[in-house]
Amino acid sequence: MSLHWFSPPVPIKVRVGLTLNVSNVEAAGAELLRFTKKGKHWRRAVECVVAFGEGQASVADVRRTFRLAAKEEGVLMPEEVS
């Protein structure tokens with residue numbers, strides 16, 4: 001199975017002092033399963049990952065909805081500026 005990459009990655013806090021840069025649809029889906037706040041943005045992100053698998057959403061859609069879910073969860077970190 002190939003991964004479906006997006007850029008820039010979405011940085012999330014996984015533990016104190018540890019940031020994970022989520023950069024593909026599959027990792028976003030896996031991280032969503034770990035979130036504890038299952039609010040409206042989480043639901044939309046999960047639906048978007050499923051829609052992507054069905055060819056009904058884009059990689060950019062997954063990145064955008066995952067970012068909103070991470071913010072809702074309180075784990076979204078500032079994106080690095082290059």
Side-chain angles (χ1 to χ4, degrees):
M1 175 178 84
S2 64
L3 299 177
H4 299 89
W5 301 95
F6 51 75
S7 184
V10 177
I12 62 169
K13 178 174 53 177
V14 290
R15 284 194 303 263
V16 174
L18 183 61
T19 299
L20 173 66
N21 286 308
V22 178
S23 58
N24 62 69
V25 171
E26 293 75 15
E31 289 305 314
L32 285 168
L33 294 176
R34 293 182 174 90
F35 285 8
T36 58
K37 297 177 184 169
K38 309 252 190 310
K40 81 174 180 181
H41 292 298
W42 180 86
R43 283 189 296 280
R44 286 183 183 156
V46 169
E47 289 168 358
C48 192
V49 169
V50 171
F52 176 83
E54 297 171 344
Q56 302 297 316
S58 70
V59 171
D61 294 332
V62 173
R63 182 191 182 281
R64 181 179 47 79
T65 58
F66 177 73
R67 190 175 182 287
L68 290 169
K71 184 175 182 179
E72 180 178 66
E73 180 74 6
V75 296
L76 181 65
M77 301 295 288
E79 292 182 20
E80 289 185 20
V81 178
S82 19

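Residues that satisfy the salt bridge (charged side-chain N to carboxylate O under 4.0 Å, His left out) test with Arg64, not counting sequence neighbours, are Asp61. Legend: residues meeting side chain to side chain donor-acceptor pair (under 3.5 Å) with Arg44, ordered by chain and number and at least two apart, are absent.
Applying the ring pair (Phe, Tyr, Trp, His ring centres under 6.0 Å) rule to pairs touching residues 42-63 yields His4-Phe52, sequence neighbours excluded. Residue pairs meeting the side-chain hydrogen bond (donor to acceptor under 3.5 Å, both in side chains) criterion with at least one partner in residues 46-56, sequence neighbours excluded, do not occur; the list is empty.
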Anything under 3.5 Å between a donor and an acceptor, one on a side chain of residues 27-37, the other on a protein residue two or more places apart or in another chain? List them.
unit_1 : atom_1 : unit_2 : atom_2 : d
Glu31  : OE2    : Arg34  : NH1    : 3.0
Arg34  : NH1    : Ala30  : O      : 3.4
Thr36  : OG1    : Glu73  : OE2    : 3.0

Per-pair distances, 0.1 Å, donor-acceptor, side chain in residues 6-19, under 3.5 Å, sequence neighbours excluded:
none

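Separating the CD atom in Glu26 from the OG atom in Ser2 is a distance of 7.0 Å, to the nearest 0.5 Å.
There is no path of hydrophobic side-chain contacts, each under 4.5 Å, that joins Leu68 to Phe66.
The local environment of NZ in Lys71 is sparse, with at most 12 non-hydrogen atoms from other residues, nucleotides or ligands closer than 6.0 Å.
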